[in-house]
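Within every chain, numbering begins at 1; the chains are lettered A, B, ... in the order of the sequence lines, protein sequences first and strands thereafter.
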2 protein chains.
Amino acid sequence: MGRRSDAREKMLLSAVGLFRRHGIDGTSIGDVIADADAPRGSIYHHFPGGKTQLAEEATRRAGAVMGGAIAHSLAFDGPAATLRLLVEQFRNELRNSDFESGCPIGAAALEGGGTPAARLAAGESFTAWEADIAASLWRAGLPMDRAEAMATTAVAAVEGAIMLGRAQRSTRALDRVETQLIELVEALTAES
Amino acid sequence: MGRRSDAREKMLLSAVGLFRRHGIDGTSIGDVIADADAPRGSIYHHFPGGKTQLAEEATRRAGAVMGGAIAHSLAFDGPAATLRLLVEQFRNELRNSDFESGCPIGAAALEGGGTPAARLAAGESFTAWEADIAASLWRAGLPMDRAEAMATTAVAAVEGAIMLGRAQRSTRALDRVETQLIELVEALTAES
DNA sequence: GTCTATACGAAGATAGAC
DNA sequence: GTCTATCTTCGTATAGAC
């Protein structure tokens with residue numbers, strides 16, 4: 001393995017990029033082919049399950065990458081800094097794409113009449129992020145139920161703020177959510 | 001007018017219902033026709049702009065209806081009760097649809113490569129909700145910048161929680177967000 | 001002015017050539 | 001085993017009958 005999976009990998013990355021801009025339903029196989037500079041039939045070679053399989057794998061990949069970054073930041077910098085980083089990441093994504101590109105997991109979460117597997121993958125990613133953030137808040141001194149409620153609210157607020165930002169063509173929602181969440185987390189964890 | 005616009009109204013309502021389940025891209029004109037029991041060509045009679053116009057009008061209608069309910073509840077019951085009502089509404093929607101049906105405005109916000117008008121309409125709805133909630137929090141004694149940050153966070157968190165709920169097939173995220181938001185709002189407005 | 005039949009194009013998937 | 005050509009289905013939109 002190594003060179004053989006390059007084409008496959010490229011298609012997967014193209015799919016993630018396109019899905020976060022146009023959604024899964026809004027992206028055609030042809031779009032992925034074109035973006036990855038791949039021949040037409042080859043996508044069915046690497047993804048025999050067709051678009052369904054591609055959507056699921058792309059969502060799992062994106063969720064794992066983001067989850068890894070979150071876990072890393074939590075371990076090194078703590079929950080408040082991690083939320084800051086997360087917001088900053090998405091703020092840049094919105095800005096650099098003229099408010100076209102959002103969160104690939106969020107896209108998979110809302111679509112998937114045709115792709116229930118991608119939606120399940122999105123749900124698993126969200127759950128993992130929530131658990132990691134909750135654990136970090138617990139280590140910072142919060143009781144577990146409170147840590148869990150806070151972690152879920154943080155993930156939901158950031159995802160929702162991306163949604164608002166895309167529709168409003170502004171980073172204002174992300175800015176406000178950042179302020180509010182950071183303040184709340186710092187107030188709660190300061191009691192240690 | 002009156003009887004004449006019945007068919008049009010029915011299609012609009014069908015569109016809202018289908019969009020919140022399958023998204024805009026995931027819903028075909030044929031689906032709307034079937035759901036509204038309308039003849040095939042008639043949709044282009046009432047919506048000459050085709051799917052684009054239908055998506056925009058459906059989003060505006062849904063946003064106005066929800067905005068009206070929010071404004072009414074804010075005026076009569078205050079911000080905390082309104083958030084409770086909003087969450088309860090969406091929790092029921094998720095439950096009653098086996099986690100298939102979410103927020104129509106959220107659906108329009110994330111799609112619309114093909115329908116930018118619907119996305120703009122979604123943005124305007126979000127902005128209106130934020131402003132109404134912020135004004136209510138301000139009347140409850142919060143300084144305006146704080147009220148605005150809180151209002152935006154509340155809207156974002158609820159929309160995000162619907163997203164998580166659909167993907168996780170659970171109302172847990174909405175439950176936790178409700179607890180967290182209510183507590184926060186009551187703590188802030190208790191200082192009056 | 002309502003509805004039916006259909007044209008035109010896009011998109012998903014496959015078969016077979018090289 | 002990689003890519004090209006094509007088949008089929010579905011979806012949008014329109015033209016024209018009643």
Side-chain angles (χ1 to χ4, degrees), chain A residues 1-59 107-108 111-119, chain B residues 1-59 107-108 111-119:
Chain A
M1 56 177 174
R3 195 121 258 280
R4 181 187 154 273
S5 54
D6 277 4
R8 196 188 140 94
E9 185 69 11
K10 202 173 174 189
M11 291 184 225
L12 211 50
L13 294 182
S14 285
V16 171
L18 290 167
F19 289 165
R20 70 192 297 172
R21 293 182 91 96
H22 312 296
I24 297 176
D25 289 338
T27 302
S28 74
I29 294 279
D31 293 338
V32 178
I33 293 291
D35 192 88
D37 255 320
R40 217 170 156 60
S42 85
I43 205 164
Y44 290 96
H45 179 178
H46 294 291
F47 303 91
K51 196 181 180 179
T52 304
Q53 185 186 352
L54 181 61
E56 179 183 356
E57 285 200 35
T59 304
E111 307 191 54
T115 55
R119 240 168 75 183
Chain B
M1 54 178 176
R3 195 122 258 281
R4 180 186 154 273
S5 53
D6 278 3
R8 195 188 141 94
E9 185 69 11
K10 202 173 174 188
M11 291 183 223
L12 212 49
L13 293 182
S14 285
V16 171
L18 290 167
F19 290 164
R20 69 193 298 169
R21 293 183 90 97
H22 312 297
I24 296 176
D25 290 338
T27 302
S28 75
I29 294 279
D31 292 337
V32 178
I33 292 292
D35 192 88
D37 254 321
R40 243 194 124 50
S42 86
I43 205 164
Y44 290 97
H45 179 179
H46 295 291
F47 303 91
K51 196 180 181 179
T52 305
Q53 185 186 352
L54 181 62
E56 180 183 356
E57 285 200 36
T59 304
E111 308 190 53
T115 56
R119 240 168 75 183

In whole angstroms, how far is the [atom2] atom of [N] from the [atom1] atom of [X]?
X: B/D31; N: D/dT9; atom1: CG; atom2: P; value: 18 Å
X: B/D25; N: D/dC10; atom1: CG; atom2: P; value: 18 Å
X: B/K51; N: D/dA13; atom1: NZ; atom2: C1'; value: 13 Å
X: A/I29; N: D/dC7; atom1: CD1; atom2: P; value: 20 Å
X: B/I24; N: D/dT12; atom1: CD1; atom2: P; value: 12 Å
X: B/R40; N: D/dC18; atom1: CZ; atom2: P; value: 20 Å
X: B/F47; N: D/dT14; atom1: CZ; atom2: C1'; value: 18 Å
X: B/I43; N: C/dT2; atom1: CD1; atom2: C1'; value: 14 Å

*Which atom pair, heavy atoms only, marks the closest approach of A/F47 to A/E57?*
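Between these two residues, the closest heavy atoms are CE2-OE1, 3.8 Å.
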
*Taking every non-hydrogen atom, the tightest pair across A/H46 and A/A7*: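 Result for this residue pair: NE2-CB, 4.0 Å.
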
Between [options], which one does the side chain of [X] approach most closely?
X: A/H45; options: D/dT12, C/dG12, D/dG1; answer: D/dG1
X: B/P39; options: D/dA5, C/dC3, D/dC3; answer: C/dC3
X: A/S28; options: D/dA13, D/dT6, C/dA11; answer: C/dA11

Would you confirm whether [X], through its side chain, and [Y], through its main-chain N or O, come within 3.5 Å as a donor-acceptor pair?
X: B/K51; Y: B/T115; result: no
X: A/E111; Y: A/I24; result: yes
X: A/S28; Y: A/D31; result: yes

_C/dT14 OP1/OP2 closer than 4.0 Å to side-chain N/O of A/Y44_ =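 No, no such contact exists.
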
*Looking at every strand, decide which applies to B/G50 at a 4.0 Å heavy-atom threshold: base, sugar-phosphate, or nothing.*
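Sugar-phosphate contact only - B/G50 comes under 4.0 Å of backbone atoms but never of a base.
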
*asked:* Using a 4.0 Å heavy-atom cut-off, does B/T27 contact any base of the nucleic acid, only the sugar-phosphate backbone, or nothing at all?
replied: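 If one applies the 4.0 Å heavy-atom cut-off, B/T27 turns out to touch the sugar-phosphate alone, with no base involved.
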
